Protein chains: 2
Amino acid sequence: MRSLGVSRAIDYIHVASTEGSAVPRVTIRDVAARAQVSTATVSRALSGARRVSPDVVQQVRRAAEDLGYSGNGIASALRRSRTDTVGMVVPSIANPFFTSLVESVEHALQQAGRQLFLCSSRSDPDLEAQRVRSLVARQVDGIVISPVHGTDSTEAVGWAAAELPLVQVDRYVRGVPTDWVGVDDDAGLGLVVEHLAARGVRSAAFVSSQLTNSSTELRLAGFRRHTERLGIAVGRGSVLLGEYSIDWGRKAAAALLGSGRLPDAVVCADDLIALGVLQTCSEAGVAVPGEVLVTGFDDIPFSALSAPPLTTVRQPQELIAAEAVRLLQQALGRVPGEPARVALPPSLVVRASTG
Amino acid sequence: MRSLGVSRAIDYIHVASTEGSAVPRVTIRDVAARAQVSTATVSRALSGARRVSPDVVQQVRRAAEDLGYSGNGIASALRRSRTDTVGMVVPSIANPFFTSLVESVEHALQQAGRQLFLCSSRSDPDLEAQRVRSLVARQVDGIVISPVHGTDSTEAVGWAAAELPLVQVDRYVRGVPTDWVGVDDDAGLGLVVEHLAARGVRSAAFVSSQLTNSSTELRLAGFRRHTERLGIAVGRGSVLLGEYSIDWGRKAAAALLGSGRLPDAVVCADDLIALGVLQTCSEAGVAVPGEVLVTGFDDIPFSALSAPPLTTVRQPQELIAAEAVRLLQQALGRVPGEPARVALPPSLVVRASTG
DNA sequence: GCACTCCATGTAATCGATTGCCGAATGAGG
DNA sequence: CCTCATTCGGCAATCGATTACATGGAGTGC
């Protein structure tokens with residue numbers, strides 16, 4: 001299990017301050033002593049909270065530098081009662097859609113001088129509740145959450161929202177009036193269905209996850225509304241609900257193929273499902289887009305690489321993240337007012353899977 | 001930009017405690033007052049740090065419950081001088097390999113009762129240094145880092161390692177003796193090259209990133225060593241260095257195809273590159289594995305979905321993460337000794353891209 | 001019945017930085 | 001030369017939980 005063969009490639013250097021076992025932390029008192037001023041002055045000189053004469057600032061900087069002082073964020077946080085940190089809870093880190101969202105949020109926060117505490121709820125409402133409690137106990141300044149479940153997550157989200165600023169992204173729970181930012185799911189399905197109609201599609205199936213959260217519900221509702229509007233047939237047994245995964249996409253496609261009544265198009269509620277569908281079609285020798293058209297939702301990076309590349313709905317995650325962070329900062333500043341509900345418009349990315 | 005059409009779908013409920021603007025935090029004193037005991041007893045009753053009589057525990061629990069007390073992790077952290085939090089710094093959150101690693105580390109930490117502070121260095125040593133300083137200032141108990149650069153990251157890693165326990169994963173910087181956990185890159189390339197040799201490959205190219213970090217260097221070294229050992233030709237201009245991205249894979253493949261001298265196999269230093277190579281081959285009508293074999297490294301989830309599915313080297317990220325967390329915990333307990341260098345064995349996943 | 005141990009609980013110091021308030025010094029205006 | 005404003009630095013309280021040490025009462029052994 002343990003092969004140390006690589007260590008030969010490493011040259012050691014001497015790290016100056018590792019000698020003692022427990023290196024005592026340099027505190028503001030040490031700096032004050034060395035600079036021969038009070039701790040108050042050190043604090044002011046370093047943070048700029050109040051004017052300090054230039055030469056004293058020099059001394060203090062010098063002393064801090066010499067001692068390698070790096071401050072104690074915990075003590076500072078306790079006194080100022082803010083941590084400059086926000087927590088983020090997502091159902092899965094493995095789903096590239098959430099990955100992009102996390103990356104964008106991290107980036108937006110960084111520009112606002114804050115850090116990200118990342119938690120994965122692993123699609124488990126209990127674990128999610130635990131993570132939320134933990135974040136609140138750690139005094140994060142705010143929370144960005146994509147709740148696992150439309151109703152089972154309500155309690156945790158509601159409780160947290162009462163404690164601190166909270167923004168829901170992508171999904172939201174019923175009944176808790178917090179800010180929300182996401183994509184306009186109905187519009188997204190409108191784009192897809194119109195595109196399919198223009199391609200001459202007369203019948204369609206929908207493959208999605210169980211209807212346990214808002215965005216899933218809205219996507220199905222959008223699918224139904226727009227297909228009806230455009231006269232596209234949706235047969236009985238043509239709406240398959242499982243989970244957001246490649247594997248479910250495979251299974252659902254196998255079921256559709258097995259049923260013998262393949263529709264003109266398979267609309268998927270996310271790209272992972274669609275990739276699974278494509279894979280099964282390819283294995284079964286069903287031509288895409290020859291015999292059936294397939295679409296996804298999210299536009300994850302790999303949807304451009306499948307065979308055939310996938311037509312999908314692009315979510316503006318950068319914008320979603322930026323808006324979420326903006327709302328959070330805003331909520332940090334003032335008393336809570338009417339919660340904002342921001343549904344950003346998606347766009348259609350047409351690739352070979354729809355001809 | 002802002003369409004609020006979705007809000008109609010939301011039912012509000014009244015959240016009890018949102019009425020006042022600033023909800024004053026419930027502190028341990030409040031609980032103590034209500035339970036008619038001292039704060040010391042509350043602390044002991046809730047944490048179990050020392051025996052407290054059962055009925056007092058009841059009272060305290062009751063009081064805490066009634067008031068909705070959730071503790072102040074910051075104050076606790078200050079006093080105990082530990083935060084039960086570790087920081088993780090990775091070059092990119094978008095790369096699925098790091099994503100898996102992050103998820104695994106998060107999971108392992110959770111089981112150890114700790115939380116994860118995630119930072120992306122965006123492959124920028126300066127940003128990385130900044131993030132590391134910030135983590136140290138926030139008093140994380142330890143750091144897990146995959147350093148961006150083999151030499152430019154040395155200063156930040158060395159400084160941090162002198163301040164607190166630090167484990168490097170996947171990559172390591174030269175000259176700083178810290179724990180490291182990763183995969184045995186040389187063995188990984190051994191698996192690939194032997195497999196190719198068995199398939200009758202006589203010449204090969206290597207597509208990788210610039211040699212700015214340890215694992216990239218080791219992979220190239222492994223490629224050279226094993227091809228030489230097995231008598232596979234590596235022509236001049238057959239080692240292409242760019243970056244770990246799909247896009248670079250595309251460009252490199254285009255260069256190889258354009259040169260007119262296509263080798264029997266293209267060995268890629270990670271799956272992203274390999275996926276780019278596959279895409280370009282497919283577009284150019286070059287059959288894989290008919291005319292050229294292609295391999296990757298990492299075994300990201302999407303490597304099974306490409307056309308054709310990709311033969312690659314699987315990294316045991318779960319194990320890497322678990323081992324990293326184990327080493328960190330160990331380092332938290334005792335004085336630092338000889339750093340551990342753990343190179344875990346990879347395995348080969350054979351798919352259609354090598355026939 | 002006395003001395004001693006043990007245990008539950010309380011008192012108060014402590015972690016390290018921030019900040020309200022105060023006083024000394026300096027300078028300006030009359 | 002005096003008053004008043006302004007600036008800069010220090011003192012000490014404070015954030016909220018933990019914990020070393022103190023205390024008082026019950027229980028034990030002789």
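Remember, it's a predicted structure, so these values are computed and weren't measured experimentally. Residue numbering restarts at 1 for every chain, and letters A, B, ... go by the order of the sequence lines.
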Under 3.5 Å: donor-acceptor pair, side chain of [X], backbone of [Y]:
X        : Y        : result
A:Gln317 : A:Ser104 : no
A:Ser214 : A:Tyr172 : yes
B:Glu323 : B:Val342 : no

Inset, instruction - Look at all strands and tell whether A:Val42 reaches a base, only sugar-phosphate, or nothing, counting heavy atoms closer than 4.0 Å. - result: nothing
Inset, instruction - Please test B:Thr41 against B:Ser38 for side-chain hydrogen bond (donor to acceptor under 3.5 Å, both in side chains), starting from the C-alpha separation and ending with a verdict. - result: CA-CA 5 Å; B:Thr41 302; B:Ser38 71; 3.2 Å; yes
Legend entry - Between B:Thr85 and A:Arg138, a side-chain donor and acceptor under 3.5 Å: yes
Inset, instruction - Would you please confirm or rule out a distance under 4.0 Å between OP1 or OP2 of C:dT9 and any side-chain N or O of B:Thr41? - result: no
Legend entry - A:Glu106 and B:Leu118, any side-chain heavy atoms less than 4.5 Å apart: no
Table of protein N/O atoms under 3.5 Å from nucleotides 6-8 of chain D N/O atoms:
unit_1 : atom_1 : unit_2  : atom_2 : d
D:dC8  : OP1    : A:Arg51 : NE     : 2.6
D:dC8  : OP1    : A:Arg51 : NH2    : 2.8
D:dC8  : OP2    : A:Arg51 : NE     : 2.9

Inset, instruction - For atom CZ of B:Arg80, decide whether the heavy atoms of other residues, nucleotides or ligands shown that lie under 6.0 angstrom number more than 12. - result: yes
Which protein N or O atoms sit under 3.5 Å from an N or O of nucleotides 14-17 of chain D?
unit_1 : atom_1 : unit_2  : atom_2 : d
D:dT14 : O2     : A:Arg79 : NH1    : 2.9
D:dG16 : N2     : B:Ala75 : O      : 3.3
D:dA17 : OP1    : B:Tyr69 : OH     : 2.7
D:dA17 : OP1    : B:Asn72 : N      : 3.4
D:dA17 : OP2    : B:Ile28 : N      : 2.3
D:dA17 : O5'    : B:Tyr69 : OH     : 3.4

Inset, instruction - Dump the intermediate steps for side chain to side chain contact (heavy atoms under 4.5 Å, CB included) on A:Val90 and A:Leu101, then the final yes or no. - result: CA-CA 9 Å; A:Val90 295; A:Leu101 206 53; 5.7 Å; no
Inset, instruction - Grab the CG-P distance between B:Asp55 and C:dA8 for me, whole Å please. - result: 11 Å
